[in-house]
Amino acid sequence: MNILCFGDSNTWGYKPDKTGRFDENTRWTGLLQQKLGPEYHIIEEGLCGRTTVFQDELRESRRGLDMIGVTVEMHNPLDLVIIMLGTNDCKSRYGASASVISSGLDQVIRKARLNASQHFDLLVISPIHLGHGVGDPDFDPEFDEKSEVVSRNFANEYRKVALQNHAAFLNAADYALPSVTDREHLDENGHAALADAIYDKITALQKGLSNVI
């Protein structure tokens with residue numbers, strides 16, 4: 001069973017202390033592979049800075065909408081696609097609401113479907129919340145207080161997108177918090193907790209509960 005994990009730095013495994021990437025025994029994608037076993041193939045497609053549809057003028061190829069089609073084609077056939085995007089869309093320069101960001105997510109999903117060689121199940125994950133003060137000078141000034149609010153509004157909007165696309169839904173913020181180190185990324189405990197939650201959701205999918213919200 002081929003499972004594509006399409007996301008941003010929290011899928012890539014960025015370390016909150018800025019020292020690089022967690023190894024496969026720590027990041028949630030690697031832990032998920034271990035839990036599922038050799039009959040499953042986890043395809044890691046995380047990229048730092050990736051958005052749904054917004055263009056980052058300082059970094060190339062960060063729009064998920066631009067990359068999802070070719071990514072799906074590269075890894076066809078797929079049985080399950082997991083999408084966890086939106087955190088970078090909260091950056092203050094985009095000025096986007098959770099509703100607007102969820103519309104971008106919907107476009108990413110539709111393009112993934114168009115480029116798939118077969119039907120795949122879909123798991124939409126609403127990302128963890130941004131921590132209070134994430135935009136402070138010593139943290140990440142690309143965000144502000146409004147960014148924090150937007151991130152907390154994701155779950156309701158993403159759940160609607162999941163329903164519209166006949167997908168399963170998971171709210172990562174129910175299971176994991178941003179690290180205290182940078183108020184933005186998962187730490188080791190967060191990756192472990194998210195891996196457990198996604199494993200449980202995939203188990204439900206395998207039992208035919210594909211629309212469990």
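All values derive from a computational prediction rather than experimental measurement.
Between the side chains of Thr181 and Asp17, no donor-acceptor pair of N or O atoms lies under 3.5 Å.
Under the side-chain contact (heavy atoms from CB on, under 4.5 Å) criterion, Asp174 pairs with Asn171, sequence neighbours left out. Contacts of Arg62 classified as side-chain contact (heavy atoms from CB on, under 4.5 Å), with partners at least two apart in sequence or in another chain: Leu47, Asp56, Arg59. Annotation: side-chain contact (heavy atoms from CB on, under 4.5 Å) contacts of Asn156 (sequence neighbours excluded): Arg159. Every side-chain contact (heavy atoms from CB on, under 4.5 Å) that Asp144 has, sequence neighbours left out, goes to Ser92, Lys146, Ser147. Not a single ring-ring contact (aromatic ring centres under 6.0 Å, His included) links Phe143 to another residue, sequence neighbours left out.
Counting heavy-atom neighbours within 6.0 Å of Gln118 CD, excluding the residue itself, gives a total above 12. Counting non-hydrogen atoms of neighbouring residues, nucleotides and ligands closer than 6.0 angstrom, the CD atom of Glu145 reaches no more than 12 such neighbours.
Residues Ile83 and Val124 have side chains not in contact (no heavy-atom distance under 4.5 Å, counting atoms from C-beta outward).
Between atom NE2 of residue His132 and atom CZ of residue Phe139 there is a gap of 10.5 Å, rounded to the nearest 0.5 Å.
Residues Val150 and Leu177 fall into different hydrophobic clusters, defined by Ile, Leu, Val, Met, Phe, Trp and Tyr side chains chained together at heavy-atom separations under 4.5 Å. At a threshold of 4.5 Å between side-chain heavy atoms, the hydrophobic network of Ile, Leu, Val, Met, Phe, Trp and Tyr places Leu78 and Leu122 in one connected group.
Ser179 places a side-chain N or O within 3.5 Å of a backbone atom of His185 that can act as its donor or acceptor partner. Distance alone, capped at 3.5 Å, places no donor-acceptor pair between the Asp8 side chain and the Gly49 backbone.
With respect to the salt-bridge test (charged N to carboxylate O, under 4.0 angstrom), the residues Lys35 and Asp196 qualify. At a threshold of 4.0 Å, the pair Arg27-Asp23 does not count as salt-bridged, since none of the basic side-chain nitrogens sits closer than that to a carboxylate oxygen.
Through direct or relayed side-chain contacts under 4.5 Å between Ile, Leu, Val, Met, Phe, Trp and Tyr, Trp12 connects to Tyr14.
Of the listed residues (Glu188, Gln33, Gln34, His191), just one forms a side-chain hydrogen bond (donor to acceptor under 3.5 Å, both in side chains) with Asn25, and that residue is Gln34.
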